[in-house]
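Okay, so here's the structure we're looking at.
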2 protein chains.
Amino acid sequence: MSTERERTPSPTISEVAEAAGVGRATVARTLGGYGSVSPKTRDRILAAAKELGYRPNSIARSMTTGETRTLGVVLADVGNPFFAGVLRGISDAAREAGYDVIVLSTDESVEQEAAAIEVLVDKQVDGIALAPAAGRRETLPHLDVVAKRGIPLVLLDRLVDTVAADAVVINNREASREAVEALIAQGHRRIGFVWGPVTNEPAADADDLRRILDHALWSDGERLLGYLDALERAGIPFDTSLVTHVLKNEQQATRAVLGMLALSDAPTAIFATETDALTGALRAMRQRGLLCPEDISLIGFDDSSWASVMTPPMSVVAQPMHRLGVLTAECLLARVAGSDAPVATHVLEASFIARDSVAPAAR
Amino acid sequence: MSTERERTPSPTISEVAEAAGVGRATVARTLGGYGSVSPKTRDRILAAAKELGYRPNSIARSMTTGETRTLGVVLADVGNPFFAGVLRGISDAAREAGYDVIVLSTDESVEQEAAAIEVLVDKQVDGIALAPAAGRRETLPHLDVVAKRGIPLVLLDRLVDTVAADAVVINNREASREAVEALIAQGHRRIGFVWGPVTNEPAADADDLRRILDHALWSDGERLLGYLDALERAGIPFDTSLVTHVLKNEQQATRAVLGMLALSDAPTAIFATETDALTGALRAMRQRGLLCPEDISLIGFDDSSWASVMTPPMSVVAQPMHRLGVLTAECLLARVAGSDAPVATHVLEASFIARDSVAPAAR
DNA sequence: CTGAAAGCGCTAACAA
DNA sequence: TTGTTAGCGCTTTCAG
């Protein structure tokens with residue numbers, strides 16, 4: 001933990017200027033591609049720069065220009081396939097425009113989100129894409145700095161209506177409704193929902209649940225609303241015992257589904273709104289020796305190559321993850337470039353992919 | 001694309017100094033936590049700083065200190081679950097130490113890798129973690145700059161022996177050998193391998209193949225070596241037609257496995273060294289109406305919750321992705337902190353998880 | 001078309 | 001213990 005690494009420092013603009021026998025400013029103009037320089041000196045400078053292996057010092061540049069050509073991305077978990085896919089999209093679009101990306105994970109914690117934002121503001125990123133941590137839909141005070149500093153912000157995947165910023169989201173509610181309707185169309189009336197809001201006191205009825213969801217900030221909340229919509233349209237009574245209320249990890253999902261399965265009036269179908277919820281349900285069914293779709297029909301969220309090679313292939317609501325990322329970045333970059341278009345919410349469509357995990361309900 | 005955003009500029013150290021009625025340096029010392037300051041003025045400065053909402057300008061700091069507290073990570077694809085998992089590990093360890101992470105994907109292209117490295121060097125990251133693009137094991141000239149500039153470098157997942165840098169890898173060869181031996185133990189002698197090297201002229205024999213692999217830089221290459229080892233130990237002749245030689249995407253894997261299945265002496269088991277290879281194999285089997293493990297035994301690479309809820313649950317070689325990332329970051333951060341320990345290669349163990357996708361070979 | 005010079009906000013060496 | 005000062009490398013007026 002001690003000795004110095006030898007660092008051959010990168011040549012500076014002054015050295016290039018000296019080598020080319022001109023002033024610093026002329027070099028800056030040439031290399032920066034602005035102002036005008038006579039072809040002769042231009043060539044001389046270019047030659048000298050190449051000779052010395054000159055590379056502009058981006059930090060010094062940022063210092064004077066105030067821009068870092070870096071975007072910040074804050075999301076729940078980079079390791080999660082959904083966010084990883086979105087990040088890839090953001091990253092691709094950013095790179096295209098000559099920007100790089102700093103990523104921070106929050107694990108759905110508001111504290112970590114605040115810390116992440118602070119880091120990004122301090123690092124002076126040119127723009128921030130934020131997938132807000134799940135939780136209550138209250139003002140996010142840590143975003144005040146972002147606004148005050150005039151840093152462009154785009155909300156990703158989750159909408160916070162108290163924040164006046166562009167947003168890019170999925171039509172979670174409608175897509176979920178469609179999925180549940182596909183179940184209902186096959187005669188299912190007892191449909192389990194994984195995952196509902198984490199709570200000790202499950203909602204008493206649909207209206208109560210709607211009230212809870214109204215204050216939540218949360219993709220699954222929208223999906224639950226879609227579920228409720230489908231039920232309502234079909235005139236199917238809402239049963240609170242068919243909605244999970246536990247911490248969101250696969251084990252809990254398994255346990256919750258096991259609980260539903262033990263009900264005297266057990267569900268004949270399950271709608272799982274995340275991959276973990278689906279695999280948890282599958283695990284529970286396996287434990288009880290139940291088959292899909294013979295015993296229970298299943299619909300999941302987020303497509304993957306696994307879903308389509310399962311036995312049976314799983315019907316899912318597929319989100320355009322990459323596209324979501326690309327659009328987010330484009331939106332953000334437009335603001336960074338100075339766009340003053342009115343704040344807008346872009347809604348991308350998730351698509352229901354029907355495969356073989358849904359069968360008619362047994363009478 | 002025009003009007004200015006109002007940016008309330010962050011207060012500078014001078015403003016704090018003025019507000020507190022002291023010199024700039026005193027403020028710097030107080031806020032920077034070095035040198036010594038009298039408790040009195042210290043409090044006054046802290047109060048003023050808080051009052052003004054002072055935040056140090058990290059760019060200006062980097063300008064003088066030469067460090068950015070940022071790490072660069074270059075990998076094939078952030079959207080890939082394996083790399084996403086590794087990135088999460090790197091990110092966690094980096095954050096712990098007060099560092100942030102810039103990620104760049106290369107899609108296994110050497111050109112993109114070179115471009116990524118250039119970007120990171122220009123951005124003056126304090127260290128770089130690189131999962132080299134698959135390809136020929138030749139010197140990577142774009143790494144010269146990194147060495148010349150004395151930027152710490154850690155190789156990740158793939159070993160390049162021409163580069164003198166720390167490395168963190170998996171025991172691919174041994175883990176694969178074990179997996180294949182598990183197949184052999186069940187009486188399998190015709191074992192398909194997905195994925196081998198992309199080539200038009202498949203190797204004539206095992207030695208030829210070894211020679212090819214010797215020049216390749218590629219995790220699957222090590223895995224293929226492990227396969228060869230297992231075959232050799234068991235005295236099973238190597239058959240080139242059981243190794244795929246196509247582009248690495250799921251469709252190609254499907255096609256290649258379809259080809260193997262059409263062989264008069266078709267494989268009774270398949271070892272798939274990536275998730276895409278496994279799902280491709282499953283898809284091919286499904287198309288031919290073949291069942292796992294009754295007709296074909298299967299072993300995949302990389303665990304996921306999907307693998308364990310499949311019918312049947314898939315046996316896999318599981319890599320400690322998160323740990324791999326953490327160790328990489330720790331290793332890199334130690335160098336950044338100035339460690340001059342001898343260059344080392346850390347080998348993490350992948351573990352074989354036996355589930356139900358392997359059955360005894362039919363006689 | 002070109003050069004000189006100021007200054008971005010901070011750190012660090014030196015004086016007081 | 002404090003303040004003064006000199007840069008870090010670049011961009012950007014402003015003269016020439």
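Naming convention: chains lettered A, B, ... in sequence-line order (proteins, then strands); numbering from 1 in each chain. Here the structure is a predicted model, which is why all the values come from computation and not from measurement.
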**Request:** Would you indicate, yes or no, if C:dT2 has its OP1 or OP2 atom less than 4.0 angstrom from a side-chain nitrogen or oxygen of A:Ser38?
**Result:** yes
**Request:** Would you mind reading off the distance between B:Arg61 atom CZ and D:dG9 atom P, rounded to a whole angstrom?
**Result:** 19 Å
**Message:** Could you check whether any side-chain N or O of A:Thr26 sits under 3.5 Å from a backbone N or O of A:Val22, counting only pairs where one atom can act as donor and the other as acceptor?
**Reply:** no
**Request:** Rounded to the nearest angstrom, tell me the gap between atom CD in B:Glu18 and atom C1' in C:dC10.
**Result:** 17 Å
**Prompt:** Taking the side chain of B:Ala25 as heavy atoms from C-beta outward, which of D:dG9, C:dA13, C:dC10 is closest to it?
**Reply:** C:dA13
**Message:** Distance check needed: C:dC1 C1' versus A:Ile45 CD1, whole Å only.
**Reply:** 11 Å
**Prompt:** To the side chain of B:Arg29, which of D:dT12, C:dT11, C:dA13 is closest?
**Reply:** C:dA13
**Asked** Nearest to the side chain of A:Met63, which nucleotide is it out of D:dG3, C:dG9, C:dC10?
**Response** C:dG9
**Item:** Atom pair distance, as rounded to whole Å: CG in A:Asp122 and P in C:dC10
**Value:** 11 Å
**Asked** Nearest-Å distance, CD1 (B:Ile13) to C1' (D:dG3)?
**Response** 13 Å
**Prompt:** Which one, D:dG9, C:dT11, D:dT12, comes nearest to the side chain of B:Thr65?
**Reply:** C:dT11
**Request:** Return the value, rounded to whole Å, for the distance between atom NZ of A:Lys40 and atom C1' of C:dC1.
**Result:** 13 Å
**Item:** Check: C:dG9 base within 3.5 Å donor-acceptor of B:Arg55 side chain
**Value:** no
**Salt-bridge contact B:Arg335-B:Asp166 (side-chain N to carboxylate O under 4.0 Å)** = yes
**Message:** Measure CG/A:Leu52 against C1'/D:dG9 and give the value in whole Å, please.
**Reply:** 15 Å
**Asked** According to a strict under-4.0 Å criterion, is B:Thr26 in side-chain N/O contact with OP1 or OP2 of D:dT2?
**Response** no
**Asked** Shortest non-hydrogen contact from B:Leu155 to B:Val160?
**Response** CD2-N, 3.8 Å
**Prompt:** Hey, does the side chain of A:Thr41 come within less than 4.0 Å of C:dT2's phosphate (OP1/OP2), counting only N and O?
**Reply:** yes
**Request:** Take atom CG of A:Asn57 and atom C1' of D:dT11, then tell me their distance rounded to the nearest Å.
**Result:** 12 Å
**Asked** Salt bridge between B:Arg158 and B:Glu113, side-chain N to carboxylate O under 4.0 Å?
**Response** no
**Asked** Would you say B:Ser14 reaches C:dC10's phosphate, i.e. side-chain N/O to OP1/OP2 under 4.0 Å?
**Response** no
**Item:** Ionic contact status for B:Asp122 with A:Arg61, cut-off 4.0 Å
**Value:** no
**Request:** Nearest-nucleotide wise, let me know which of B:Arg44 and A:Arg24 is further upstream toward the 5' end of DNA chain D.
**Result:** B:Arg44
